[in-house]
Amino acid sequence: MTNKVLDRVRDLLPAIRERAADTDRQRQVPAQSIRELSEAGVFRMLQPSRFGGQEASPVAFYQVVRAIAAACPSTGWVSSVLGVHPWQLALFPLRAQEDVWAANADTLISSSYAPTGKLTPVEGGYEVSGRWSFSSGCAHAEWVFLGALAPDDNGNPSTYLTILVPRADYEIDDVWHVVGLSGTGSNDIVIDKAFVPHHRAYSAQEQSQLRGPGQAANPAPLYRIPFAAVFSNTIVAPIIGAAEGAYAAHIERMRDRVRLSYGGQKVADDGFAQVRVARAASEIDAAILQMERNVSELLRYAEAGEEIPQALRLRTRRDQVRGTERSIQAIELLFDNSGGHSIRKPNPIERHWRDAHAGSVHVINDVERALAMFGRGEFGIIVEDRMI
């Protein structure tokens, strides 16, 4: 199937690649890049059709993200994170969707899911205060998804909620000074006593059970696949893209060296270099193929109206963390293969090496946790985790 957004994005990649170093220095994606990607339809791919969205397959969305990340990992990361939030908003009550998109269907949402703030029940909703970190691309968004724990009857933190808060109710604290994914502008969100109505809160229990009040308004199968699968692959897709970009840059450089060397034999006959390239290419291909197989299969179950097997949900998380591992392994091989060139700034190898490693420490890439869940499932042990 033709990916029309990918076709449009390819025309933007040379400029995005040219801006990559400036994106790092500025510590956020340039507004021009966000505007161009929005006009290309990137942020509408997973948006409901009732608000002008495409309701595209996540596979197509991840293809676009990988292409962007291959040119600039920070831009790919922000595109992925901002681009997946329309999918989650589609699960909220229709009233919440209208709050965000009624005036402007291109409005963007950032996020910070760790429940680090305080939520207090009040009439009609909640009062929220606190600080949330790592809200990628928040400078380009007018709303934010935040994680919070609603208290039980005894006042103890209990039910995990994702709450939706407008830009007027929070401040952005510029704290993003890091060694990798420097251009993502993943700053802190700070709130002092904002009101969140009930219709802007969505529970993790509904999420894990593949239920959401927004499904009545948005019945497409796209909105009946697990949040854990969609979100986790949203994180791995730009990491794979970073590996793809490093691979393409490395191959281009090595081919240039062959052409410029005396007869080309010394470089061309380096068997160790050839083996590393083969291993790197295989790791990247495996990461892509497993991700696309799993997401396509999840969507097929949803399209058929059938229950998604637990084994598939566990396999999807298994392959997602392995996709990150494979991408890191590929970049390490390319970094070694590049020798002293790999530590020079600026070049794609060192930037993508830093950015991929930074992405790998995201909590969704907790390898042992995801692999252990898969193993328990294989042994017939009940697995209960909201991130499957």
Side-chain angles (χ1 to χ4, degrees), residues 45-48 53 55-62 65 80-81 83-93 109 111 113-115 145 147 159-162 201-240 287-324 362-367 369-378 381-388:
M45 292 187 75
L46 303 183
Q47 189 172 16
E55 297 186 353
S57 164
V59 171
F61 174 66
Y62 299 139
V65 168
S80 198
V81 171
V84 78
H85 292 149
W87 177 88
Q88 186 178 12
L89 182 56
L91 302 177
F92 274 65
I109 309 165
S111 66
Y113 291 106
F145 283 134
T159 304
Y160 179 91
L161 300 175
T162 300
Y202 177 48
S203 78
Q205 183 177 8
E206 287 183 299
Q207 178 177 291
S208 63
Q209 294 175 352
L210 311 189
R211 293 186 291 108
Q215 289 172 333
N218 305 309
L222 170 64
Y223 305 113
R224 296 198 301 273
I225 56 180
F227 170 87
V230 176
F231 177 74
S232 63
N233 281 296
T234 291
I235 297 304
V236 75
I239 298 175
I240 298 173
I288 294 169
L289 290 169
Q290 286 187 312
M291 177 175 67
E292 293 191 344
R293 176 192 68 164
N294 291 332
V295 175
S296 296
E297 194 167 331
L298 288 167
L299 196 55
R300 282 197 296 272
Y301 274 98
E303 288 169 345
E306 298 176 2
E307 182 179 353
I308 297 174
Q310 181 86 334
L312 175 56
R313 296 172 71 163
L314 291 169
R315 190 185 79 194
T316 299
R317 285 285 281 119
R318 178 201 72 184
D319 292 343
Q320 174 261 314
V321 295
R322 287 291 293 128
T324 296
H362 190 287
V363 66
I364 204 68
N365 289 318
D366 186 339
V367 177
R369 176 183 176 184
L371 297 185
M373 287 193 298
F374 177 83
R376 290 199 298 273
E378 289 293 279
I381 302 171
I382 295 175
V383 180
E384 294 183 351
D385 192 294
R386 68 182 181 86
M387 287 314 297
I388 57 169

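FYI, side chains are in, hydrogens and waters are out, and symmetry mates aren't considered; it's all heavy atoms of this structure.
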Restricting to salt bridge (Lys or Arg N to Asp or Glu O under 4.0 Å), what partner residues turn up for [X], sequence neighbours left out?
{"X": "Arg322", "answer": "Glu325"}
{"X": "Arg376", "answer": "none"}
{"X": "Glu55", "answer": "none"}
{"X": "Glu303", "answer": "none"}

Query raised in the report: Which residues pass the ring-ring contact (aromatic ring centres under 6.0 Å, His included) test with Phe145, sequence neighbours left out?
Result: His85, Phe92

Query raised in the report: Any side-chain heavy atom of Phe231 within less than 4.5 Å of one from Pro226?
Result: no

Under 3.5 Å, is there a donor-acceptor pair between the side chain of [X] and the main chain of [Y]?
{"X": "Arg224", "Y": "Leu299", "value": "no"}
{"X": "Ser57", "Y": "Val59", "value": "yes"}
{"X": "Asp319", "Y": "Met291", "value": "no"}
{"X": "Gln215", "Y": "Tyr223", "value": "yes"}

Query raised in the report: So Gln320 and Asn365, side-chain hydrogen bond (donor to acceptor under 3.5 Å, both in side chains) or not? Walk me through it.
Result: CA-CA 8 Å; Gln320 174 261 314; Asn365 289 318; 2.8 Å; yes

Taking all atoms of both residues into account, what is the closest heavy-atom pair of [X] and [Y], and its distance?
{"X": "Trp87", "Y": "Leu222", "answer": "NE1-O, 2.9 Å"}
{"X": "Val295", "Y": "Tyr62", "answer": "CG2-CE1, 4.1 Å"}
{"X": "Leu46", "Y": "Ala56", "answer": "CD2-O, 3.5 Å"}
{"X": "Ile240", "Y": "Gly323", "answer": "CG1-O, 4.3 Å"}

Can you give each donor-acceptor pair under 3.5 Å made by side-chain atoms of residues 381-388, sequence neighbours left out, with the distance rounded to 0.1 Å?
residue : atom : partner : partner atom : Å
Asp385  : OD1  : Arg369  : NH2          : 2.9
Asp385  : OD1  : Met387  : N            : 2.7
Asp385  : OD2  : Arg369  : NE           : 3.2
Asp385  : OD2  : Arg369  : NH2          : 2.6

Query raised in the report: More than 12 non-hydrogen atoms from neighbouring residues, nucleotides or ligands closer than 6.0 Å to CD on Glu307, yes or no?
Result: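 No, because the 6.0 Å sphere around CD of Glu307 holds 12 heavy atoms or fewer from other groups.
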
Requested in this report: Start with the C-alpha distance between Gln290 and Arg293, add both sets of side-chain angles, then the distance that settles side-chain hydrogen bond (donor to acceptor under 3.5 Å, both in side chains), and finish with yes or no.
Outcome: CA-CA 5 Å; Gln290 286 187 312; Arg293 176 192 68 164; over 6 Å; no

